[in-house]
Amino acid sequence: MTRAEILDLLAVADPSALYARADQIRRENVGDAVHLRGLIEFSNICGRDCLYCGLRRSNRKVDRYCMGIDEICAAACNAASLGYKSVVLQSGENERYPTENICSLVRRIKQDLKLAVTLSIGEKTREEYAALRAAGADRYLLRFETSSEMLFGGLKPDSSYEQRMRCLAWLRELGFQVGSGIMVGLPGQTIEMIADDILLMEKLDLDMIGIGPFIPNPQTPLEGAVGGTLDLTLRTLAVIRIVTKNAHLPATTAMGSIDPIGRQKALQCGANVLMPNVTPTQYRSSYQLYPGKICIEDKPGDCFLCVSGMLKMLGRTIARDPGHSLKL
Ligand code: 5AD
Ligand code: FES
């Protein structure tokens, strides 16, 4: 698809035909089964100061925690008991967990529980990524957030667009299944930038693409900014499905947080993955990138019942395999 065609679709007056087309392409390329990835938010400590994020180091109002290795393993075990075939280990960027410790954690989860392991722990050196891969980590999520270098520079003071791209290239070279993505509705972001984001996703040949609306956090410098809409997020999702065909696309928590049926809508216009939270309830309220996050009071089993009911209502099934990349 050309940039002009993408722009036309993003701006179409009535998106219902776009959604139907994305739903059809999803059905043909990835089927009706939805992959469930248990999300473990194991630490909210972060050394970075991204302007949009509630966990930024300057936010003194966050009660910081870091789960112990045994506690993380117990959460992964809980995910396995709920039937999930894969877990996502996510945290702020911090040095509390030496890479060797994460490596042994990964080995333990792989050996004892036979789960696919996805890491979402930010920018590391090539050597660190290599060690994590050698330990058995299957996948890595690192959103590029925006393909506009200017926007990126203004939002992420401790990183650079160039470094982000370098990290994504390393992850690819090292044999990870690579996930990336963006926020929709960032201050200063235009529809043209989103078209370029989609072209970049295509060029990077991503295995997974996670997108969500930007939700302004009152504890950040972007309090008072206008957030992203579900409408534009769903349009973007639908175009990504049409362009990438068989990438794994989650109906994200942020979509469910700005609209009570946001994730359901996403599953009907391109999404084929859900990431139910398996973080112990006591930590959930401290892991708020944005306000209004869903599932804060829920237990892992509650989220399982919620998503399985959701899928049943939509006439979709739960995938029984780990949901590896369909591009391999
Ligand atoms: N609103 C929506 N999404 C956010 N993220 C971080 N802060 C926000 C926010 N305020 C997203 C980023 C990050 C992912 C883990 O969460 O895209 O990569
Ligand atoms: Fe957590 Fe619905 S997914 S309660």
Side-chain angles (χ1 to χ4, degrees), residues 10-11 39 41 43-64 90-93 120 122 141-161 164 180-198 209-237 240 250-266 271 275 277 279 283-298:
L10 290 175
L39 175 64
E41 299 153 329
S43 173
N44 64 357
I45 300 176
C46 195
R48 302 208 180 209
D49 222 15
C50 305
L51 271 75
Y52 47 80
C53 182
L55 302 186
R56 65 201 303 270
R57 67 164 187 268
S58 304
N59 185 3
R60 295 283 133 74
K61 292 191 177 150
V62 182
D63 191 5
R64 304 283 172 173
Q90 186 176 82
S91 72
E93 296 194 38
S120 177
L141 304 180
L142 188 75
R143 290 187 180 177
F144 59 77
E145 315 294 2
T146 170
S147 63
S148 158
E149 269 193 76
M150 216 180 59
L151 210 53
F152 189 102
L155 292 170
K156 291 183 67 73
D158 319 281
S159 181
S160 71
Y161 182 75
R164 204 76 173 173
S180 192
I182 61 163
M183 281 175 283
V184 173
L186 289 165
Q189 187 185 48
T190 63
I191 199 164
E192 285 77 15
M193 290 176 187
I194 296 177
D196 289 333
D197 294 338
I198 296 172
I209 301 166
I211 70 163
F214 160 63
I215 305 173
N217 190 319
Q219 295 172 8
T220 66
L222 296 182
E223 80 169 305
V226 178
T229 61
L230 185 64
D231 174 69
L232 184 56
T233 306
L234 294 178
R235 288 164 186 254
T236 305
L237 174 70
I240 294 170
T252 57
T253 304
M255 295 172 177
S257 299
I258 56 163
D259 182 323
I261 55 167
R263 289 175 300 174
Q264 288 87 329
K265 290 177 180 168
M275 295 168 63
N277 202 319
T279 309
Y283 299 118
R284 294 190 182 196
S285 62
S286 304
Y287 202 91
Q288 294 206 58
L289 314 177
Y290 46 80
K293 189 180 173 216
I294 51 172
C295 312
I296 294 277
E297 307 279 325
D298 295 290

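What you are looking at is a predicted structure, and each value in this text was computed from that prediction instead of being measured.
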| query | Where is the tightest heavy-atom contact between Pro216 and Gly227, given as atom of each residue plus distance? | reply | CD-CA, 3.6 Å
| Should Asn217 and Cys53 count as side-chain neighbours, where that means a heavy-atom distance under 4.5 Å? | no
| field | N/O donor-acceptor pair under 3.5 Å between Thr279 side chain and Arg284 backbone | value | no
| message | Give me the atom names and distance for the closest heavy-atom approach of Ile182 to Arg143. | response | O-NH1, 3.8 Å
| request: Please tell me if the side chains of Leu51 and Arg56 come closer than 4.5 Å, counting only heavy atoms from C-beta onward. | output: yes
| query | If you take all heavy atoms of Leu232 and Leu10, which pair is closest and at what distance? | reply | CD1-O, 4.4 Å
| request: Verify, without hydrogens or angle tests, whether Lys293 (side chain) and Tyr287 (backbone) share a donor-acceptor contact under 3.5 angstrom. | output: yes
| query | Under the 3.5 angstrom rule, does the side chain of Arg64 hit a backbone N or O of Asn44 as a donor-acceptor pair? | reply | yes
| message | Please report the interatomic distance OG(Ser257) to CD1(Ile296), rounded to the nearest 0.5 Å. | response | 8.0 Å
| message | Within the structure provided, determine whether Thr253 and Tyr290 are in side-chain contact (heavy-atom separation under 4.5 Å). | response | yes
| Which residue, Leu230, Ile261, Ile294, forms the side chain to side chain contact (heavy atoms under 4.5 Å, CB included) with Met255? | Leu230
| request: Supply the atom-to-atom distance Leu186 CG to Leu155 CG, rounded to the nearest 0.5 angstrom. | output: 5.5 Å
| field | From CA spacing to verdict: side chain to side chain contact (heavy atoms under 4.5 Å, CB included), Asn277, Asp298 | value | CA-CA 9 Å; Asn277 202 319; Asp298 295 290; over 6 Å; no
| query | How far does CG of Asp49 sit from OG of Ser159, to the nearest 0.5 angstrom? | reply | 13.0 Å
| Steps toward side chain to side chain contact (heavy atoms under 4.5 Å, CB included) verdict (Phe214, Gln189) | CA-CA 11 Å; Phe214 160 63; Gln189 187 185 48; over 6 Å; no
| Where is the tightest heavy-atom contact between Phe144 and Asp197, given as atom of each residue plus distance? | CZ-O, 3.7 Å
| task | Start with the C-alpha gap between Thr252 and Met275, add the side-chain angles, then the distance that decides, and say whether side chain to side chain contact (heavy atoms under 4.5 Å, CB included) holds. | result | CA-CA 7 Å; Thr252 57; Met275 295 168 63; 5.7 Å; no
| request: Apply side chain to side chain contact (heavy atoms under 4.5 Å, CB included) to the pair Asp158 and Arg57, showing each step before the final yes or no. | output: CA-CA 11 Å; Asp158 319 281; Arg57 67 164 187 268; 3.1 Å; yes
| remark: Here the pair of heavy atoms bringing Cys50 nearest to Lys156 is SG-NZ, 3.2 Å
| said: Quick test of your reading: applying side-chain hydrogen bond (donor to acceptor under 3.5 Å, both in side chains), list the pairs with at least one residue in residues 218-237, sequence neighbours left out, ordered by first then second residue. | reply: Asn59-Gln219, Asp231-Arg235
| field | Inter-residue atom distance Glu41.CD - Gln90.CD, 0.5 Å rounding | value | 6.0 Å
| query | Out of curiosity, Met193 CE to Met150 CE, how far, rounded to the nearest 0.5 Å? | reply | 5.5 Å
| field | Pro187 to Leu151 - nearest heavy-atom pair and separation | value | O-CD1, 3.3 Å
| request: Could you tell me the separation between the CZ atom of Phe152 and the OG atom of Ser147, rounded to the nearest 0.5 Å? | output: 11.0 Å
